[in-house]
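A quick write-up on the structure given underneath.
Start at 1 and go down the list; that is how both ligands and their atoms are numbered. This structure is a prediction, so every number in the text was calculated from the model and none was measured.
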Amino acid sequence: MAQTLRPRDAVKPLLRVRQTRQFTPEPVTAEEVNAIADAARWSGSSQNKQPWRFITLREPGTVRAIAEAGIPNTRSLTSAAAAIAIVMSTDPPSKIGQAYDEGRAAERMLVAADMLGLSAGIAWINADTRAAVSEILHLPDDRFVRTVIAIGHASAQGRQAKSPRGEARLPRSETVYAERWPEGKGG
Ligand SMILES: Cc1cc2nc3c(=O)[nH]c(=O)nc-3n(C[C@H](O)[C@H](O)[C@H](O)COP(=O)(O)O)c2cc1C
């Protein structure tokens with residue numbers, strides 16, 4: 001009889017999806033980048049509005065130009081072989097709704113990269129860098145980029161744990177409560 005995984009073990013691949021900021025020079029194929037973009041465009045969004053557009057980047061000059069414009073946030077793009085910029089509207093019906101949709105697509109890209117044996121990381125473009133990135137990507141005035149996903153093959157440094165074992169996340173006892181807020185626990 002086929003062995004079924006315990007729920008905790010079945011979701012383990014997701015727990016492994018982490019942020020990578022250092023990559024090897026090994027290229028990422030157009031097919032891989034497009035598959036990651038497909039995973040993103042199939043994300044759910046509020047009222048299925050799909051408020052995003054994606055720009056896939058494999059030209060090193062473009063990826064490095066964005067890296068330089070947004071340092072330190074964009075440091076992962078200094079070595080990434082590819083990237084995907086999430087393009088959003090400057091005038092959305094709901095800013096919170098838009099950011100929520102964007103976050104769902106971004107996380108999906110990290111998961112998709114992991115499924116392909118690649119690594120990825122989120123680079124946020126701060127407000128004071130947005131004009132430079134808009135120019136690099138030739139965006140119209142009513143569009144902007146806040147999130148760029150760096151993609152590549154993780155280098156040894158990129159694979160290194162960033163926190164001591166067991167300390168990367170708060171323990172379950174401090175973050176997940178059953179049925180109600182625990183008595184005596186401050187906000
Ligand atoms: C909304 C958001 C913005 C982020 N912005 C950046 C960023 O600009 N640059 C960066 O290197 N990492 C950025 N990160 C990655 C976080 O720093 C990372 O998810 C966190 O440190 C946990 O890393 P881990 O999953 O590898 O443990 C961002 C993450 C989120 C969710």
- Query: Do I136 and V145 sit in the same hydrophobic cluster, where Ile, Leu, Val, Met, Phe, Trp and Tyr count as joined when their side-chain heavy atoms come under 4.5 Å apart?
  - Reply: yes
- Task: Taking only heavy atoms of the protein into account, state which residues are under 4.0 angstrom from an atom of ligand 1, in chain and number order.
- Result: R18, Q19, R21, N73, R75, I122, A123, W124, K162, R169
- How about D141: does its CG atom have over 12 heavy atoms from other parts shown lying under 6.0 Å from it? no
- Indicate, with yes or no, if L77 and L118 share a hydrophobic cluster defined by side-chain heavy-atom contacts under 4.5 Å among Ile, Leu, Val, Met, Phe, Trp and Tyr. no
- Can a salt bridge be assigned to the pair D101 and R104 using a cut-off of 4.0 Å between side-chain N and carboxylate O? no
- Taking the side chain from N73 and the backbone from A123, do they hold a donor-acceptor pair closer than 3.5 Å? no
- Task: Any side chain to side chain donor-acceptor pair (under 3.5 Å) involving residues 85-100? Give me the pairs, sequence neighbours left out, ordered by first then second residue.
- Result: none
